[in-house]
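Shown next, in structure tokens, is the structure this report addresses.
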There are 2 protein chains.
Amino acid sequence: MDSKIFNLKSKLEVYKAMTGGANFADCPVRDVIQGISGKWSSLLVMALAEKPYRFGELRRLVPDISQRMLTQTLQDLQRDGYVHREVFPTKPPSVEYSLTDLGRSMFLPLQQLIQWAELNHDAVRDARATFDAARD
Amino acid sequence: MDSKIFNLKSKLEVYKAMTGGANFADCPVRDVIQGISGKWSSLLVMALAEKPYRFGELRRLVPDISQRMLTQTLQDLQRDGYVHREVFPTKPPSVEYSLTDLGRSMFLPLQQLIQWAELNHDAVRDARATFDAARD
DNA sequence: CAGCATCCCTCCGGATACTG
DNA sequence: CAGTATCCGGAGGGATGCTG
């Protein structure tokens, strides 16, 4: 596999590009992956990619998420600019969550990974079982 | 955004497809994302996508990884079938790590995400700064 | 050279109870 | 309805020392 796919010239640059130097927060790849690596993040992005949802709807859509984690994950996604939060001053109030343009553009490559995961999950599971069996 | 992109028909199926029912380990997407969401996983996959490396080479390539985490991450990647480990019975022994076919096929969608991350990392950082500033 | 073992500590995420 | 506040157990990950 050609290193040109990274637009990088040396091993050192591979590392620098990944880490952004020495600072963890400046590493683009890990920073982005971190943002969707939460237990519920990809699930919620996937749901919101379909259409906007309200808080309670998401709660019913994903029954086994705690409301603490739903709140926190949505806040994290909003903080990173993936999700837009709109409050309607009704009584009682309702809040609608939707993907931003940034969120939708991020969902495109994420979707590639999702499709790969659905297609190759069995292979990963098999590899894991084989590895564990060999380790006896 | 059309729900057909998921090959799913209803909200319930969205959830079931993500979770695989009730079992976390059976959820393809989270399971795969989990596998590359470690602090060093994507970094090592990216390095090995360039060419095979030996243990010590990876250590020098990524100076600030502890050898404990290098060992463990490589084992995890090997367990999931992404990485092949080959021991050469020299003295002292040398071990070469390389991507498997499964690892290379997984790297293709991952690369899409990597490219997106490099292009849009600034936007994410800006969104984060704006959000934090507004929260005062 | 390429690991394994041990200690330790932070942070993610679950359970529960309470508000505007 | 849509959150906040608090407590707590377990997993992820760093530092250090030892081995074939």
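Convention: sequence-line order gives letters A, B, ...; per-chain numbering from 1. Computed from heavy atoms alone, side chains included, the values below leave out hydrogens, waters and symmetry copies.
To the nearest angstrom, P of C/dC12 lies 17 Å from CD1 of B/I33. Taking atom CD of B/E96 as the reference point, atom P of C/dA2 lies 10 Å away to the nearest angstrom. Between the CE atom of B/M69 and the C1' atom of C/dT6 there is a distance of 13 Å, rounded to whole Å. Note: CD (A/Q72) to P (D/dG3) measures 13 Å, nearest angstrom. The nearest whole Å value for the distance from the CZ atom in A/R59 to the P atom in C/dG14 is 12 Å. Between A/L61 atom CG and D/dA2 atom P there is a gap of 14 Å when expressed in whole angstrom units. With rounding to whole Å, A/L43 atom CG is found 15 Å from C/dG13 atom C1'. When the P atom of C/dC1 is taken as reference, atom CG of B/L58 falls 14 Å away, rounded to whole Å.
In this structure, A/V83 is a member of the same hydrophobic cluster as A/V87, with clusters built from ILVMFWY side-chain heavy atoms closer than 4.5 Å.
Side-chain atoms of B/R79 and B/Q75 include no donor-acceptor pair closer than 3.5 Å.
Contact annotation: the side chain of A/V95 approaches that of A/R85 to within less than 4.5 Å [non-hydrogen atoms, C-beta and beyond].
Contact check, B/K39 against D/dG14: a side-chain N or O comes under 4.0 Å of OP1 or OP2.
When heavy atoms are screened at a 4.0 angstrom cut-off, A/Q67 is found touching base atoms of the nucleic acid. Residue contacts for A/Y97: at a heavy-atom cut-off of 4.0 Å it reaches the sugar-phosphate backbone alone, with no base atom in range. Within the nucleic acid shown, A/Q75 comes within 4.0 Å of sugar-phosphate atoms alone, with no base atom in reach, counting heavy atoms only. Nucleic acid contact for B/R54: sugar-phosphate only, since backbone atoms but no base atoms lie under 4.0 Å from a heavy atom of the residue.
Nearest-nucleotide assignment on DNA chain D puts the 5′-proximal partner with A/R85, out of A/R85 and B/P92.
Residue B/R68 places its side chain closer to D/dG14 than to any other of D/dG14, C/dA2, D/dA5. Closest to the side chain of B/S66, from the set D/dG14, C/dG3, C/dG13, is D/dG14. With distances taken from any side-chain atom of B/T71 to the nucleotides C/dG3, D/dA2, D/dG13, the minimum falls on C/dG3.
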